[in-house]
Amino acid sequence: MTSTSQTPRISIIGAGPGGLTTARILQQAGIPVTVYDRDPSPGFRDQGGTLDMQTDTGQKALRAAGLLDEFMAISRPEGQDMRSLAKDGTVLFEHHSPEGETDAPEIDRADLRELLLRSLQPGTVRYGTNLDRTEPRGDGRLELFFRDGTSEMVDLVIGADGAWSKVRPLVSAAEPFHEGVIFVEIQFDNVDAQHPEVAKLVGRGGMFAMEDNKGIVAQRQSGNRIRAYVAFRDGTDWLERRGLELDNASAVRATLLEMFEGWSPELRRLIEECNDLFLSRPLFALPVPPQWTTRAGVTLLGDAAHLMSPVSGLGANTAMLDGADLAQAIIREPDLPSAVTAYEALMFPRAATNAAASHEGLQMMVSDGAPDTDHFALEHQGSK
Ligand SMILES: Cc1cc2nc3c(=O)[nH]c(=O)nc-3n(C[C@H](O)[C@H](O)[C@H](O)COP(=O)(O)OP(=O)(O)OC[C@H]3O[C@@H](n4cnc5c(N)ncnc54)[C@H](O)[C@@H]3O)c2cc1C
């Protein structure tokens with residue numbers, strides 16, 4: 001597709017890693033695009049932890065976006081270190097990342113977003129525009145309605161708006177379901193000075209201990225911080241049923257410590273010493289395989305298309321690869337309907353495989369059978 005006065009109007013809903021990657025590659029080819037995000041500003045909310053950008057997914061997308069060198073310069077290759085512990089603290093598996101390993105360097109989500117945002121022309125992302133609904137028009141175009149009362153007529157809307165996508169209902173009735181697992185996010189600041197034992201346990205990269213249907217996953221971030229997830233099986237109403245409120249940090253801490261009775265003191269220390277901020281993240285996924293009948297004028301990518309559990313570390317990676325594939329199809333194909341068809345033919349099988357693996361991985365990690373150390377070691381090698 002070439003950029004002319006008849007260039008179709010393309011809008012992306014969602015300035016996550018998938019939407020921003022798509023916008024960057026389209027702009028590089030001279031194709032105009034606007035991104036809408038409901039957040040009032042890029043710094044409005046904590047962007048979360050760290051992501052590893054894998055060679056054949058996230059890095060491939062960054063290369064297509066012309067940003068791989070910049071990514072390599074700011075990423076943390078030492079973050080590829082990984083340790084797996086039993087609940088008694090025994091080290092089951094350890095990977096020490098050798099000098100020069102670039103298979104899956106880590107980057108904080110906020111830094112990745114900053115890298116992508118910086119690469120876009122000023123004004124590309126319109127923050128504070130929350131998509132409310134869409135309506136098809138007779139001429140094949142769609143009208144987007146935003147909560148601020150504005151509307152926009154588009155030839156293609158790309159739903160990159162995450163788990164609870166407002167674009168998805170245009171093509172699919174699928175709804176996220178709870179995987180039966182809760183992640184409680186916890187954080188540590190100034191770890192080397194204030195939490196030296198935690199810093200030692202987690203090391204330069206990641207540490208996980210999964211046993212008895214629960215576990216703890218911890219990852220070092222930039223800025224001398226650690227973010228961890230306390231995982232267990234329960235319903236989305238776990239707080240209400242236990243009469244807990246997240247801002248009552250001492251009660252939540254006591255409940256978690258009770259759950260992890262009998263675990264080694266160094267693992268329990270993560271719950272004892274973390275900041276007073278506890279965030280409940282029930283894990284949701286979309287049914288596998290993702291599938292819909294291709295429809296001109298609309299498509300989905302990333303979590304909006306194939307929300308999956310985070311255990312495979314593939315969510316952001318595949319969202320970015322989806323974005324790269326879609327943008328390249330738009331650039332390559334003669335018109336938008338052909339581009340959407342070509343993109344979805346690539347995305348569906350990949351998403352089906354990755355989402356199925358993520359689902360099985362989560363069910364296996366948070367199970368009676370964990371720790372399956374052979375499986376963890378293979379998974380780790382497989383992601384390299
Ligand atoms: C605990 C946890 C750990 C994870 N760890 C990893 C990991 O290590 N590696 C990895 O690859 N993935 C990981 N993931 C998954 C990863 O975060 C997601 O898969 C990834 O962010 C999806 O990117 P996206 O661009 O599709 O959507 P998102 O990042 O969800 O972005 C969607 C954007 O759309 C905007 N939006 C939503 N609704 C609207 C609306 N109505 N109007 C306008 N804007 C809207 C939102 O504000 C947001 O900016 C993890 C997820 C969780 C929960």
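First listed ligand is number 1; within each ligand, the first listed atom is number 1. Only this structure's heavy atoms are used, side chains among them; waters, hydrogens and symmetry mates stay out.
- With a heavy-atom cut-off of 4.0 Å, Ala163 does not touch ligand 1 at all.
- Residue-to-ligand polar distances place Asp303 within reach of ligand 1: an N/O pair is separated by less than 3.5 Å.
- A cation-pi geometry, defined here as NZ or CZ lying under 6.0 Å from the six-membered ring centre and within 45° of its normal, holds between Arg133 and Phe145.
- For the residues Ala316, Pro310, Gly323, the heavy atom positioned nearest atom 4 (C) of ligand 1 is part of Pro310.
- Contacts with ligand 1 closer than 4.0 Å are made by no heavy atom of Glu185, backbone or side chain.
- Residues Leu321 and Leu116 fall into different hydrophobic clusters, defined by Ile, Leu, Val, Met, Phe, Trp and Tyr side chains chained together at heavy-atom separations under 4.5 Å.
- Counting heavy atoms under 4.0 Å from ligand 1, residue Leu314 touches it through the backbone alone.
- Contacts with ligand 1 closer than 4.0 Å are made by no heavy atom of Trp164, backbone or side chain.
- Considering backbone and side-chain N/O of Tyr229, none are found under 3.5 Å from N/O of ligand 1.
- Under 4.0 Å is where a charged nitrogen must lie from a carboxylate oxygen, and between Arg76 and Asp108 at least one such pair does.
- Ligand 1 lies less than 4.0 angstrom from a heavy atom belonging to Thr50.
- The heavy atom nearest to atom 44 (N) of ligand 1, considering only Arg38, Met308, Arg113, is found in Arg38.
- Proximity of Thr318 to ligand 1, defined as any heavy-atom pair under 4.0 Å, is not found for any part of the residue.
- Between Phe284 and His178, the ring-plane angle classifies as tilted under the 30° and 60° cut-offs.
- The shortest N/O to N/O separation between Asp52 and ligand 1 does not fall below 3.5 Å.
- Considering backbone and side-chain N/O atoms, Ala304 never comes within less than 3.5 Å of an N/O atom of ligand 1.
- Proximity of Arg147 to ligand 1, defined as any heavy-atom pair under 4.0 Å, is not found for any part of the residue.
- Ion pairing of Lys200 with Glu266 is absent here, as no side-chain N (NZ or NE/NH1/NH2) approaches a carboxylate O to less than 4.0 Å.
- With a heavy-atom cut-off of 4.0 Å, Pro17 touches ligand 1 through backbone and side chain alike.
- Counting heavy atoms of neighbouring residues, nucleotides and ligands inside a 6.0 Å radius, atom CD of Glu135 exceeds 12 of them.
- The N/O atoms of Leu51, backbone and side chain alike, include none that comes under 3.5 Å of an N/O atom in ligand 1.
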